[in-house]
S.K.: 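This is the structure, below, for whatever I ask next.
Letters A, B, ... are given to chains in the order of the sequence lines, protein chains preceding strands, and every chain is numbered from 1.
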Amino acid sequence: MAFGGMELFSGINLSFEKDKVYGIIGTNGSGKTTLFNIICGVLTPTHGQVFYEGNEVTGMKPWQLSRKGIGRCFQMVKPFNSLTPYENARVARSSAGHYSKGEEKFSLDEIMELTGLKDKRNIVTSELSLPDKKNTEIARALACNPKIMLFDEVSCGLSGEEIYARMDLMRKIADYGISIIVIEHIMMFIKEICDEVVVLHAGSIISSGDPSVVAQDPKVIEAYLGGRKL
Amino acid sequence: MKNNKLRPYIIAGLIAIAAYMVLLFGSDGGYLSNFIVYVCLFIIASQGWNLLGGYVGEISFGHAVFWGIGAYTVGLPIGYDLNISPLLLAFAGAAVAALFAWIISYPLLRVRGFPFLVGTYGLGVVFEKVFVASPKLFATKGVFVANDLNRFFLHGMIFVLMIVVTVGVKWLTDKDLGLRFKAVRDVPEAAEMVGVNIYHTKTAALVIGAFLCGLAGGLYVLYSGFINPTTAFDSSVSISILMGPYIGGIGTVLGTVFGTSIVIAIQEWARSALPFTGGQHMALGLLLIIIMMVSREGLFPGLRKLALKLSGKTKDKTKEKKAA
């Protein structure tokens, strides 16, 4: 049962199924973030269409799509710095979350608990550390009542232990029945949590499928891993 | 038991009010009373400006338009000898200003940043010129707004309204809508990603702010008894409205109260103390330069920082490092 399918760049068809964790990898400039921007409505594709839950959503604005259940975390953290983590989540709950009232998977308190921000919920976000700022973004996206969440390199700038914590959190989110698409550079991360992986290179898909199979694909090794075998 | 505890406060409060009355109306022919009313009116208008300028971060140079619309909604019917309750007119003026803001938001809020600033400034100029050139709108000679409202009553009402508006704005900015204002100011693209419609959010801030500016303008006419295009739409009115938040601390409710009080006080002092035309503008400009050099965020956040520093909290030191 497909909930989304799209034509990306030129002559490419990409679809994501419900209740799965997808990984997107690719070299710099291969179009990973562009893909996210198209899914979120930041960019309108010049050709082709975007479908979500069987309906065409091409050209819809980000705020409309987030109300339909698409949540996103940025690569460079962008929390609302003058607000506390709890208020960050409140903005999302009262905006996008308002359109799916009664379908909330978790309350704001549960989100704070889940993202480990319970003790810091009343500190202004600008004073928090980078991992907590990233947690704030995840909490904010969760408060939208998303059906699908997009993570753009959430491990960027984090230490090993923090990355493991992020992987645990993502698994928990997936267990709640939220589909996930992650952009990631760390192969270990992708192998651990993803059901399927898509490899982008220069705006086209060069490989896709099971992570461990894709990692052995000679085309992927050449383009992305620079000839080295993982 | 509870009553006994409260009694000293009630007595103290009554004494304070009595002392305030004696101070205002006892001595110098009501000069101080007028001054406080003008401060309160500009605080109401500045809080309205602060919603858009401070909380949403969209700087407007034309909030005098809403002040002027409020003022003329009171002035015109009285000028044409229509028999309508003046207080009703003041609130109608606020509503008309809000309605106008809602209509004008359609083209105006499509742009942001500098073009928005220029657009709002242009709006003020257009309104002033239209009113100056229209004999039916009493042109430059203005309207004398005679009304039989008790000045003590008016003074009290404006003072109470100022407190209600200040508390109300503070309340609003902690509500969901107010949080959305700040979210749009902090990261617009992230706000959109969590379902905030930026255009609607800005419109809300503009319309509520216009209501407050219109209310202040209408009450200003009732109190001063006179309105002409210069006191309604001139850019110096816009500047008086936005100067308070800038000096006191943009995006803070208390900063707006302090800042506006200082701005109006300096304006009044300079008008009599400096022996040349435009002296009050010069004094204000100087004040703004000094504030920007000493504490860019404004007086109120600056003082709060200083207090934190003096009390020796380490938290502030890390902040300074970041700034450096």
S.K.: Taking all atoms of both residues into account, what is the closest heavy-atom pair of B/Val237 and B/Phe42, and its distance?
M.R.: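 Looks like O-CE2, 4.2 Å.
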
S.K.: Among A/Ala92, A/Ser94, A/Cys144, A/Gly41, who wins on heavy-atom pairs under 4.5 Å with chain B?
M.R.: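 Winner by heavy-atom pair count: A/Ser94.
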
S.K.: What orientation do B/His63 and B/Trp49 show, parallel under 30°, tilted 30 to 60°, or perpendicular over 60°?
M.R.: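 Perpendicular.
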
S.K.: Give a yes or no on whether a salt bridge exists between B/Lys305 and B/Glu297, defined as a side-chain N under 4.0 angstrom from a carboxylate O.
M.R.: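 Yes, charged N to carboxylate O under 4.0 Å.
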
S.K.: In terms of heavy-atom pairs under 4.5 Å, which option from B/Ala183, B/Gly195, B/Ala190 contacts chain A the most?
M.R.: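 Most heavy-atom pairs under 4.5 Å with chain A: B/Gly195.
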
S.K.: Taking every non-hydrogen pair under 4.5 Å, which of B/Asp186, B/Val196, B/Leu177 racks up the most with chain A?
M.R.: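 Max contact count across the listed options: B/Asp186.
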
S.K.: Show your working on salt bridge (Lys or Arg N to Asp or Glu O under 4.0 Å) between A/Asp168 and A/Arg171 and close with a plain yes or no.
M.R.: CA-CA 5 Å; A/Asp168 276 342; A/Arg171 276 197 209 101; 3.2 Å; yes

S.K.: Is it true that A/Glu53 and A/Lys147 make a salt bridge, defined as a side-chain N closer than 4.0 Å to a carboxylate O?
M.R.: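 Answer for the salt bridge query: yes.
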
S.K.: Spell out the residues in residues 70-78 of chain A that have some non-hydrogen atom less than 4.5 Å away from a non-hydrogen atom of chain B, in order of number; otherwise answer 'none'.
M.R.: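 Listed by number, the contacting residues are A/Ile70, A/Arg72, A/Phe74, A/Lys78.
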
S.K.: Between B/His200 and A/Trp63, how do the two ring planes meet: parallel, tilted or perpendicular, split at 30° and 60°?
M.R.: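 Tilted.
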
S.K.: Centre of A/Tyr86's six-membered ring, under 6.0 Å away, within 45 degrees of the axis: is that where NZ or CZ of A/Arg90 sits?
M.R.: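 No - A/Arg90 does not lie over the ring of A/Tyr86 by the 6.0 Å and 45° rule.
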
S.K.: Given a strict heavy-atom distance threshold of 4.5 Å, which part of A/Pro79 is in contact with chain B: side chain, backbone, both, or neither?
M.R.: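 Backbone only.
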
S.K.: What I want to find out is whether B/Glu58 reaches B/Arg112 closely enough, with some N-O distance under 4.0 Å, to be called a salt bridge.
M.R.: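 Salt bridge flag = no for B/Arg112 with B/Glu58.
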
